[in-house]
Colleague: 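Next up is a structure, given as structure tokens.
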Amino acid sequence: MKAAKFDYVRPASLAEATAALASAGIGGRVLAGGQSLVPQMAVRELTPSALVDLRRLSELDFIELRSDHVAIGAMTRHRTAEISALLAELVPLVPLALARVAYPTVRNQGTSGGSLVNADHRAELPAVAITLGASIVLASVAGQRVVPASEFFLGDRQTTLAPGEILTEWRIPLEMSKYRWAMDEFTQRHRDFPVTASYAGVLLGPDGVIKDARLTIGATAPVAVRVAAGEALLVGRTPSEELVDAVLDILPGALDPVSDRFGDAEYRITLAQKLTRGTLRAALGIA
Amino acid sequence: MAEEISLTLNGRVVEGSVEPRKTLVDFLRHDCGTSGVRAGCEHGACGACTVVVDGATARSCLMFAVSADGSDIQTVESMGEVDALHPLQQSFIDHHAFQCGFCTSGMLLTMREFLDRSPDPDAQEIREALAGSVCRCTGYQFIVDAVLDAAGRLRGEAPRVPVQEH
Amino acid sequence: MTLTNDQPSIIGKRVPRLDAERFVTGRTQYLDDVVLAGMLEGAVLRSPHAHARIVSIDTSKAEALPGVFAVVTGDDLAGKVQPQPVIWHVFPGQRYPEYYALANDTARWVGQPIAAVAARDRYIAEDALELIEVVYELKPVVANLDDALRPGGPKVFDDWDDNIGGVAVLPKGDTDKAFAEADVIVKTSFDFGRQMGTPLETRGVIAKWDPYSKNLDLWLSTQSPNLARDLMGDTIGLSGDKIRIITPDVGGGFGNKFDFYVEEVIASFLSLKAGRPVKILEARDESFVANAHSRNARIEGEMAATKDGRITGLRATVYGVLGAALGTVGGGPTWTIGGLMSGPYDIENCEVTIKAVHTNLPPYGSYRGWGQPKATFAHERLVELLAKELGVPSNVIRRKNLIRDEQFPYLSQVFLYDSGQYLACLDKLEKSVAELGWEEQVAKARAEGRSVGIGYCFHAEISSFGPSRMFNGAGLTHSTMDEEVVRIDSSGGVTVLTGLTSMGQGVETVLAQVAAETLGVPLEAVTVVQGDTQACPFTGYGTGASRGASMGGSAVMQAATKLREKVSRVAANILEASPQDLEIRDGVISVKGVPAKSVTMRDIGDAAYRRLLGVFPEGEEPTLEERFVHDPENVAFSNGTSAAVVEVDRITGKTTILKWLIVHDCGRVINPTIVEGQVIGGLAQGIGGALMEELVYDADGRPLTHDFHDYQMPYATEIPEMILHHMETPAVSIKGGFKGVGECGTIAAAPTIAAAIEAALDDLDITIAQVPMTPSRIRTLITEAEKKAAQA
């Protein structure tokens, strides 16, 4: 379990980083926290010809409240975000989900950017980004582009990130701060990868009517699934157990889960329903 | 192409020349002689290679040594003094909290950080904090006992050494 | 007559491990911490196919890579090595598929070594592996037991007519009659998944084959150094006296490091070819195909009983799912499933048929428990089924059928059980459960709608694997005796030399306790030397089979007793007193009632080694060293009984263990803390095997287990707090009364959990038939039972 050879660059700025990545060509890759990249390199599943190490790039380590969004820098450690008062107040789904990411030692080093780019289908942050309708900011020598999370993730460990691009930050719309959030996941072993995960958020009007809702099921498909039909069903109604049941009934038709050693498709649907009963009730405030 | 690196290891500056692909665990073990760091799984799922990098625990199998250039690194070797073991170390001895010892370095450093963050944990919190660290020998019970006791000792309480009689 | 030993008892005390400080300060030295001048690192190219003919191997590019010193393939070894050795020959007429350290013409499992490289470091060695070009021609794959048994299905060996390597039948009494006359017959069938011990330190070897002296030094992370030396000699045709096995600290073994592996041979030939020492350290990802696999079996069993619950017969067929080659222990663990299937019960009529079935999977080998986890799972499943059938609590059945105290020694199909207080053990457990109020707590939880239940298990554990001729007769081509040497040096310090390996269990501490108490010296005076076949005495078999503390402890006790006699003669001579007038305490020998008239062990050492004149007895042989070879007449049977409370989530199928209680009897306890460590640690391993751990394969024989996210061993969060009560029924054939304890936990865990799950779901018709009992499997059982209930 030793990585293949690669060239190594440690840029002092984002500008240097994009330049280094550009000159590295198609085999270049960014090293962020390394928690997913390094083990894949150790078994030579990934053999980048060059690594551009962002570890010391403090300009990408930030959590900022801006006019219409909260921005989280790519090099923000999971631990930093997990204990961020700002995130706890504005987008508690992020720290809620991060508390479920592996173990404290991994969260000390793992980064937002690394997790999003790695795009493991089981991972929490990609599902959170999809749920929150986040935007993902990609920079290269050619400039910057902003991609909605819904378009960024293409499959298990596949994204639209192009050669030469660096994920610099992700942005969470500020309107998400008005939602009530919940998430839960099922793992065989404590804090291991989830077999299925559920993320729910509800925006209630002052009249108690649901104005908007978010529901995502993670770890069952190559990309976390927004359950649009379930969300649509919620909008315009008032919270009730019957409403929760109705949404759960939608799940089997909305999901096409993978089967593996941890369970088949039917099992994952069962899990999704159980988890969603909990997350949805919490988000609806009927827990 | 080898890279020159310089880092502080257990309080002393260490310089080395490493291939970028060399992991921090290999560098610490084979180039620096801090063999108390162990490589148990080389993919971050067992905790045996845990070290402290710039004040926070890290899995040294998930970091390339070259990335640690300029960092401050601590390993189990610097945890206690010859005549004054860290309370966690002493408590691990008193409670028979290790068998083969391969996981012990990582357990100790992981628990030291945990007790820094949570000085008065209960047994269940300790078990959750131990998740991510594999011990294949002990069944964890005596590790939990040792950490509970060490937490007390760090708060200034008397040791709760187990009864020495059968 | 001898002196009186006035030493306060150390046997039975909770003393800390010897040299404990080095464990918590990072100063233990495992195989990868050994550095030799000029040492290279090796890596092994493994077959990516489960069954394929090797058409060609081209190593030229690898050989040309800078930093590479040697490349070897099967051709390099041809004619120079014997097939990998097998030490257990328990199936009459068994067929032995030959396999060599590196494959010759055919690869028969994913992971089988094809070629190997020695290079300046492991990084370059792995680079070189990528440059070796192998052309394969794929062949039909026997991926699992069903493939192997299917008439006309694929075959592992072209020249065999089926995939069954051997069949053994172990009878006792008249089983057919028992079943014909039975009031009740219950049947079970279950599959036990493929698992392994998975020590946190992977296997490793450093070979230093000196081309001039022809001496081969092997640093080996092993539980069985003497066995490794002899098997190495047999395999490479080198006289054993040329081979030295050095064992550094071992980072866990669990049986996996008992076996003799191909990498030992490969590293040796790489060393020979390169002229330098070569280390091969198994990487974690390759460990899942390179380490011996275990546990995998299907058992179809049935039990006959009277209507009042007396078991009259046990009949079973065991299919041991072996790999495509026989590991060191051959079909031994599989055979043991049958040999121990009656467990702790007095069953007059038993017949177990064991079939050794080959598949295109890695070789089957040793893992803590050997066949016993499956044997116990079988008899405890049947006891549970019988209890359900008769509508009584399962402990009623157990109590009615456990071997009674007066029946010992008790002859099973195969073994003579030496001693035990099984009924008292079960009583103690039930009393403890009652005192803890578990039944009430469970009832309360169930009233709240929670699916909670208590499961029980009673197990017997064969231990003190020692009688050499008995095991030779049973088909073991190696001995099982244990030799220990106890020495007092010129400064009065005590050294125990042992061939046993410490792989964490604490055997060194236990041996020191026995030596200290027997000699009458403080524990601190004792040093234990181990880990070098050239310096240490011979232990047959190895440190496994729950034999180290009992065999070694007993041998140390007897050697130390002899040595104390000599010490007393020397002391008597110096003190001009009679030995029977002397007493010893803390290494000071004094005349009884005259404490001022004394000598220290240091004086004795000086008299025996340095300044003999006038103090050392005339006619006595100078120096102070005694040995004892313990080759007992029989093994010793430990036993235990467990109770666990589990909660099952009916939706997710996940089992959470809430409480665990075990009453355990391993004879006279030398160190209760160490025993508890063994029992609790073993239970945790058993719980992992019961609920999560499995080496999963696809239909083409390709492994789906590559890392610790696939092979999930329990963290602290999956293991409950455990309560352990000791009982001490002395062993009969082991002087000192010690029995073994190493495997108890792995044996007891799965049956207890299975019973508890069924109890938690007792409103449903659920029968556990597959281990591990993963959440999705339990969920499937629940779904099917609910469907069945709805239809009914």
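What you see below is based on every heavy atom in this structure, not just the backbone, and it leaves out hydrogens, waters and symmetry mates. Throughout, protein chains are lettered first and strands after them, A, B, ... in sequence-line order, and every chain is numbered starting at 1.
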Colleague: To the nearest 0.5 Å, what is the distance between CZ on B:Phe92 and CZ on C:Phe23?
Modeller: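 CZ of C:Phe23 is found 13.5 Å from CZ of B:Phe92.
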Colleague: Return the set of residues passing side-chain contact (heavy atoms from CB on, under 4.5 Å) with C:Glu647 (not counting sequence neighbours), or none when no residue passes.
Modeller: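 Partners of C:Glu647 under the side-chain contact (heavy atoms from CB on, under 4.5 Å) test: C:Arg450, C:Val452, C:Leu658.
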Colleague: Tell me which of these, C:Pro714, C:Gly506, C:Pro199, has more heavy-atom pairs under 4.5 Å with chain B than the rest.
Modeller: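 Most heavy-atom pairs within the cutoff with chain B belong to C:Pro714.
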Colleague: Could you check which of C:Met503, C:Arg27, C:Gln685 has the highest count of heavy-atom pairs closer than 4.5 Å to chain B?
Modeller: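 Greatest number of close heavy-atom pairs with chain B: C:Gln685.
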Colleague: For B:Glu157, does the CD atom have more than 12 heavy-atom neighbours from other residues, nucleotides or ligands under 6.0 Å away?
Modeller: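 Above 12, so yes.
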Colleague: Among C:Arg122, C:Glu718, C:Glu693, which residue forms the greatest number of heavy-atom pairs with chain B at distances under 4.5 Å?
Modeller: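 Ranked by heavy-atom pairs under 4.5 Å with chain B, first place is C:Glu693.
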Colleague: Looking at chain B, which one of C:Leu281, C:Asp249, C:Asp121, C:Ile674 has the largest number of heavy-atom pairs inside 4.5 Å, strictly under?
Modeller: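 Option with the top pair count is C:Ile674.
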Colleague: If you round to the nearest 0.5 Å, how far is SG of B:Cys135 from OH of C:Tyr715?
Modeller: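 Going from OH on C:Tyr715 over to SG on B:Cys135, the span is 12.5 Å.
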Colleague: Can you list everything that forms a side-chain contact (heavy atoms from CB on, under 4.5 Å) with C:Glu21? Sequence neighbours excluded, please.
Modeller: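 Per chain and number, C:Glu21 pairs via side-chain contact (heavy atoms from CB on, under 4.5 Å) with B:Leu85, B:Ile93.
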Colleague: Can you tell me which of C:Gly253, C:Gly677, C:Ala684 forms the most heavy-atom pairs within a distance under 4.5 Å of chain B?
Modeller: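 Maximum pair count with chain B is reached by C:Gly677.
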Colleague: Look at B:Arg21 together with C:Asp127 and state whether they make a salt bridge at an N to O cut-off of under 4.0 Å.
Modeller: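 Salt bridge between B:Arg21 and C:Asp127, a charged N being under 4.0 Å from a carboxylate O: yes.
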Colleague: Tell me whether B:Arg117 at atom CZ has more than 12 heavy atoms from other residues, nucleotides or ligands lying less than 6.0 Å away.
Modeller: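 Counting other residues, nucleotides and ligands, CZ of B:Arg117 exceeds 12 neighbours.
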Colleague: Counting heavy-atom pairs closer than 4.5 Å to chain C, which one of B:Glu77, B:Glu19, B:His43 comes out on top?
Modeller: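 The answer is B:His43.
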Colleague: Go through C:Asp32 and B:His30 one step at a time and tell me if the side chain to side chain donor-acceptor pair (under 3.5 Å) criterion holds.
Modeller: CA-CA 9 Å; C:Asp32 193 41; B:His30 298 141; 3.2 Å; yes
